[in-house]
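Structure first, then comments.
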Amino acid sequence: MSTQSFNPFKMAQSQFGHIADMLDLDQASRELLRNPMREHQFTIPVRMDDGNVQIFRGFRVVHNDVRGPGKGGIRFHPQETIDTIRALAMWMTWKCAVIDIPLGGSYGGVTCDPHNLSMREQEQICRGWVRQLAKDLGPLVDVPAPDIMTSAQHMLWMLDEFEAIRGEKYPGFITGKPVGMGGSQGRREAVGFGLIFTLREALKELGMRPEDTTASVQGFGNVGQHAVRLLQQIGGKVISVSCWDQKDNTSYCYKKESGIDFDELFGITDRFGGIDKDKAIGMNYKVLPGEDWLAQDVDILIPAAVENQITAKNVKKIGTKVKIIAEGANGPTTPEADKIIAERKIFMIPDLLANAGGATCSYFEQVQSNMNYYWERDEVLGKLDVKMTNAFESVLELAKKKKMYMRDATYTIAVVRVAQACKDRGWV
Ligand code: NAD
């Protein structure tokens, strides 16, 4: 989990500052883009199942909407803070710009732990969150989506509340809805699959064949699971997966040298992406300390859990064979760790690019919802592949041309697009 001293917003600002310096960005654009345009912080009172009322804290931040309505997830997490949400909102602005979809960057959340909440209590939190924000959300304003510990069910409760308040149907209000209730085919797997599309392109660039590679993954939730599934389908071997253990309040790394069996491991995973340790031991998985996921002798590392996982403290533990890091999580690598990774010439597919499949497919879902006409799964995933591959190619081209670290090239494309849109609209 994020440590208390780690501030994701400071990290996002420092990443932006580095690129702003490189681009020699003017002062007004810097100030505009360094901070969110709008922020909401509010309370959500919920009558709990035991009859008591508990007050939860809710957030929504719009970092920048110059290129289109805000777009970004809602996270339920016990350690949620406004600064995590600010960072995530800023990263969404860059992500939508680099993947080139006409949306801005926002994010939201509630400080809560769904592990300890009944479904009814979670429904009340969802409805309370929408009630506080109904005037500031909508298909043409700001469009939420799922993230850590929020699911299609949460999105549907939120949609229902929004439509009850507005008295009209608004299927484009929120994305990540259940298929058949305004959701898009392919949305569930979009982040993990999108990540593997970019990884496939990186392997081509490095002259490696997927079937000759091994990988280690951190996180076995929505993103990690689908990434593992597609990577195995294209021939890659995943030898370890780490995840959080709620009971022991720590993380473990589950390892099988011969390659993990996705279905077997999925079968003993709860809805929060936690693996049953005792059952895993029974299935002959070696159980290692959680942080060992990055010390494995593999070609590919996929951080797909939370932010602040590859840091100055542990970056030297990265296995000597590692050639590619593909970031499924948002902000898993700190700028200090980035320096060492760049020096080691490990090929980085940064979060803004690697996990942009969620934002892209959310955009597809919004388009379909607004038309009230839905595409087949293959069409959605085909369009996703085109978007991810095109974005990867533009970033790679710039990185090669200017001899840049892939994260810097990704940021450069995004910041230039957003700053230019601010100028074109006459904001600065
Ligand atoms: P999830 O809640 O479905 O799964 C999270 C996984 O990470 C679980 O397996 C959990 O056990 C594990 N985990 C949590 N803390 C850990 C720790 N300290 N060490 C090891 N494992 C830990 O979440 P998700 O939707 O898969 O999201 C994962 C990451 O991907 C987040 O950073 C999220 O912001 C990012 N992301 C998600 C989406 C999306 O649409 N779901 C889109 C883009 C990016």
Side-chain angles (χ1 to χ4, degrees), residues 1-3 6 8 71-80 84-85 87-89 91-92 95-96 99 105 107-109 113-115 144-152 154-155 174-176 183-184 186-195 216-228 240-254 265-266 268-277 288-294 302-311 314 326-333 350-363 365 388:
M1 293 289 140
S2 320
T3 51
F6 171 70
K71 170 84 243 162
I74 306 162
R75 184 180 276 199
F76 283 2
H77 199 281
Q79 269 112 47
E80 204 58 280
T84 312
I85 301 295
L88 289 160
W91 288 329
M92 278 307 291
K95 197 177 294 185
C96 292
I99 206 79
Y107 234 83
D113 190 351
H115 289 97
D147 190 62
I148 291 183
M149 289 199 265
T150 52
S151 66
H154 297 97
M155 300 304 108
I174 204 161
T175 60
S184 174
R187 172 63 183 85
R188 273 172 59 82
E189 53 270 55
V191 191
F193 277 27
L195 178 133
S216 174
V217 180
Q218 185 195 38
F220 201 55
N222 178 284
V223 179
Q225 286 169 13
H226 290 104
V228 167
S240 57
V241 167
S242 85
C243 68
W244 191 253
D245 188 299
Q246 187 65 16
K247 237 180 7 200
D248 295 358
N249 203 27
T250 187
S251 60
Y252 295 113
C253 176
Y254 297 93
L265 211 53
F266 181 68
I268 58 166
T269 302
D270 65 24
R271 66 196 158 94
F272 301 107
I275 293 170
D276 186 316
K277 189 171 66 171
L288 307 169
E291 210 178 72
D292 281 12
W293 75 279
L294 57 65
I302 302 180
V306 284
E307 59 277 351
N308 194 31
Q309 295 303 302
I310 308 180
T311 65
N314 66 13
E327 295 182 329
N330 284 310
T333 310
D351 49 2
L352 298 182
L353 177 62
N355 73 28
T360 309
C361 208
S362 273
Y363 165 61
E365 178 174 332
M388 298 300 298

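When a ligand or atom number is given, it counts from 1 through the structure's own listing order. In this text the structure is predicted, and so the values were computed from the model without any measurement.
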N/O of [X] under 3.5 Å from N/O of ligand 1, yes or no?
{"X": "A304", "answer": "no"}
{"X": "V191", "answer": "no"}
{"X": "N355", "answer": "no"}
{"X": "G219", "answer": "no"}
{"X": "R187", "answer": "yes"}
{"X": "F220", "answer": "yes"}
{"X": "E307", "answer": "no"}

Anything under 30° is parallel, anything over 60° is perpendicular, the rest tilted; go ahead and classify H154 against F76.
perpendicular
Pick from [options]: the one approaching [atom] most closely through a non-hydrogen atom:
{"atom": "atom 8 (C) of ligand 1", "options": "F272, W244, W91", "value": "F272"}
{"atom": "atom 1 (P) of ligand 1", "options": "G221, C253, A356, G328", "value": "G221"}
{"atom": "atom 34 (O) of ligand 1", "options": "D245, N330, T250, N222", "value": "N330"}
{"atom": "atom 27 (O) of ligand 1", "options": "V223, I275, L88", "value": "V223"}
{"atom": "atom 20 (C) of ligand 1", "options": "K95, R75, Q218", "value": "Q218"}

Does Y363 have any ring-ring contact (aromatic ring centres under 6.0 Å, His included) partners at least two apart in sequence or in another chain, and if so, which?
none
Identify, with sequence neighbours excluded, every residue that meets ring-ring contact (aromatic ring centres under 6.0 Å, His included) alongside Y252.
none
Is the closest side-chain donor-acceptor distance between T333 and E327 under 3.5 Å?
yes
Ignoring hydrogens and geometry beyond distance, is a side-chain donor-acceptor pair present between S362 and R187 at under 3.5 Å?
yes
Atoms of ligand 1 less than 4.0 Å from [X] heavy atoms?
{"X": "S251", "answer": "19 (N), 20 (C)"}
{"X": "C243", "answer": "9 (O), 11 (O), 20 (C), 21 (N)"}
{"X": "A329", "answer": "29 (C), 30 (O), 32 (O), 35 (C)"}
{"X": "I148", "answer": "2 (O), 23 (O), 27 (O), 31 (C)"}
{"X": "D147", "answer": "33 (C), 34 (O), 36 (N), 37 (C), 38 (C)"}
{"X": "M149", "answer": "2 (O)"}

Please report the shortest heavy-atom distance between [X] and [Y], naming the atom on each side.
{"X": "A227", "Y": "L195", "value": "CB-CD2, 4.0 Å"}
{"X": "I275", "Y": "Y254", "value": "O-OH, 3.6 Å"}
{"X": "A329", "Y": "D351", "value": "O-CB, 3.2 Å"}

I would like to know whether V306 and Q79 meet side chain to side chain contact (heavy atoms under 4.5 Å, CB included); could you show each step before the answer?
CA-CA 12 Å; V306 284; Q79 269 112 47; over 6 Å; no
Rounded distance [0.5 Å steps], NZ in K95 versus CG in L88:
8.0 Å
Within this structure, what is the NE2-CG distance for the pair H115 and D270, rounded to the nearest 0.5 Å?
6.0 Å
